[in-house]
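For reference, the structure discussed in these notes is given below.
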Amino acid sequence: MAFHNWIRRVTWFAGPAILLVSAPQTLREAASAGLLVGTAVRPSVFSEAAYSVTLAREFNMVEAEDVMKWWVVRGDEGTFDFREGDEVVRFARAHRMKVRGHCLVWDHNNPDWLEHGHFTTAQLSGLLQQHITTVMKHYAGQVFAWDVVNEALDEKGRVKNSPWYNQPGIGLSEKGTAYVEQAFRWAREADPRALLFYNDNGGEGLNAKSDAIYAMLKDFKLRGVPIDGVGLQLHISQPDFDTAAVAVNIARLAALGLQVHITELDVSLPLDANGQARDRDLLRQADVYRGVVRACLQNPGCTAIQTWGFTDKYSWIGSHSRGTHGAALLFDRGYKPKAAYDGMRDEISKGRKRAQ
Ligand code: XIL
């Protein structure tokens, strides 16, 4: 049989089968219109082909894991260094991805000159407003949403001690969440088109911290403080984590008129002496990833699901747990998709209706 006839026959027979099996192949293909599926990134490894190929193939949103934080952008008081942040934006543009910005106000990951500078409240207030304004204006039109304030509350829901609050603070110490509010007001002025988020961890389900976050955000909404959304970090380390409580919390936050983003999802597992996780933990991990996706998709106000990195080769959990935990992400160290990846993709493919 002539080759072109043969090929015609094969396609004729195979055609319907191909249609039947053309399920989404990647996370970003699986995501229905409007759902953002993102990950934190390190531009220092964009040059690694497997890293860039996997990133571009799977995700439609990125966030700088570190390179838009004070400690990278503000090497010294007089300088703004946007080089690595700009690389993230360039990568995103080349691959049709959105960029989330992280983060403008936090008591961690600040440069030494700021931590030990013995500034007055007036100086700190000036520094913070200048930082928010300069960074947001630099990325205006490129970063669509910012974590304006990160982790302002402790696990009991009290405002945390921090250089911005009361050590010595920007002039609003002992006034509770007033400094958080001030940061949001400066942020809206700096880039009126960016979505402004409050981001935190440990208050994703139902507990004293999530009640306090809810109360703060409700107060902000009632008084017209400019805020558009809330980020739930979701660094999970218990394999029996209760994702049903996350769904309930998402519902009450969304009912305030806020967008909810899952911002830093990872599920860390104990590692053995060879650095391996147990098989059964990897399966339970997949269930947690599924549960989180379901909790988000149940509510139309939850518009983004983002993981804190995507390959176990580059995850903050290793150093954070001093090597005792890891294997927290969707791909293994060789970029092979794990059960967690299949779980997340299946659940995303089901879309919002099936999640209800
Ligand atoms: C972590 C980064 O992953 C690390 O590379 C860095 O050394 C420390 O910060 N909550 C946050 C993130 O909001 O910014 C943190 O990221 C993880 C916890």
Side-chain angles (χ1 to χ4, degrees), residues 38-46 48 51 55 59 61-75 81 84-85 87-88 99-112 114-115 131-132 135 139 143 145-155 159-160 162-165 180 183 187 195-205 209-210 213 229-238 241 246 260-269 292 304-331 333:
T39 187
V41 295
R42 301 181 181 179
S44 56
V45 280
F46 283 170
E48 189 176 315
Y51 185 92
L55 175 60
F59 299 95
M61 177 172 77
V62 285
E63 175 167 314
E65 181 172 353
D66 285 303
V67 302
M68 291 191 190
K69 293 175 180 169
W70 273 80
W71 66 358
V72 175
V73 176
R74 306 298 301 280
D81 184 345
E84 289 183 277
E87 278 187 58
V88 174
V99 183
R100 267 192 115 260
H102 175 81
C103 54
L104 300 167
V105 185
W106 193 19
D107 61 324
H108 280 72
N109 296 184
N110 290 318
D112 284 347
L114 180 72
E115 299 256 336
H131 182 82
I132 291 174
V135 175
Y139 288 115
V143 167
W146 275 100
D147 288 332
V148 178
V149 179
N150 198 35
E151 302 180 1
L153 305 181
D154 70 14
E155 70 291 349
V159 180
K160 266 204 275 182
S162 85
W164 307 119
Y165 175 45
V180 177
L195 296 175
L196 309 181
F197 278 70
Y198 175 75
N199 190 53
D200 213 330
N201 77 45
E204 297 92 349
K209 182 163 187 176
S210 68
I213 294 171
V230 54
L232 307 182
Q233 292 187 9
L234 278 167
H235 293 291
I236 299 173
S237 51
Q238 315 95 288
F241 183 80
V246 176
V260 180
H261 286 179
I262 307 295
T263 51
E264 305 188 11
L265 177 61
D266 55 18
V267 183
S268 56
L269 304 177
V292 170
I305 305 171
Q306 177 171 262
T307 57
W308 205 239
F310 55 97
T311 165
D312 292 336
K313 187 171 181 186
Y314 302 114
S315 159
W316 77 303
I317 297 294
S319 58
H320 184 63
S321 70
R322 299 212 169 82
T324 61
H325 285 66
L329 295 169
L330 300 173
F331 294 85
R333 291 170 161 273

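Order of listing sets the numbers, starting from 1, for every ligand and every atom in it.
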How does [X] reach ligand 1, by side chain, by backbone, by both or by neither, if only non-hydrogen atoms under 4.0 Å count?
X	value
Asn109	side chain
Tyr314	neither
Asn150	side chain
His102	side chain

For ligand 1, which atoms sit closer than 4.0 Å to a heavy atom of Trp71?
-> 6 (C), 7 (O)
Atoms of ligand 1, numbered as shown, that sit under 4.0 Å from any heavy atom of Trp106 | 11 (C), 12 (C), 14 (O), 15 (C)
To the nearest 0.5 Å, tell me how far Asn199 CG sits from Asn150 CG.
-> 5.0 Å
Could you tell me the separation between the NE2 atom of His320 and the OG atom of Ser315, rounded to the nearest 0.5 Å?
-> 10.0 Å
Examine distances only and state if a side-chain atom of Tyr51 and a backbone atom of Thr311 form a donor-acceptor pair shorter than 3.5 Å.
-> no
With heavy-atom distances below 4.5 Å as the criterion, would you say the side chains of [X] and [Y] are in contact?
X	Y	result
Trp308	Glu65	yes
Val246	Phe241	yes
Met68	Val143	yes

Which residue owns the protein heavy atom closest to [atom], what's the atom, and how far is it?
atom	value
atom 6 (C) of ligand 1	Asp66 OD1, 3.3 Å
atom 3 (O) of ligand 1	Glu65 OE2, 2.5 Å
atom 11 (C) of ligand 1	Glu264 OE1, 3.0 Å

Mark the output for His320 as yes if a heavy-atom distance to ligand 1 is under 4.0 Å, and as no if none is.
-> no
To atom 16 (O) of ligand 1, the nearest of His235, Lys69, His108 on a heavy-atom basis is Lys69
Are any of the N/O atoms in Trp316 less than 3.5 Å from those in ligand 1?
-> no
Presence of salt bridge, Asp147 and Arg100, under 4.0 angstrom = yes
Val292 vs Ile236, side chain to side chain contact (heavy atoms under 4.5 Å, CB included): CA-CA, chis, key distance, verdict = CA-CA 10 Å; Val292 170; Ile236 299 173; 4.1 Å; yes
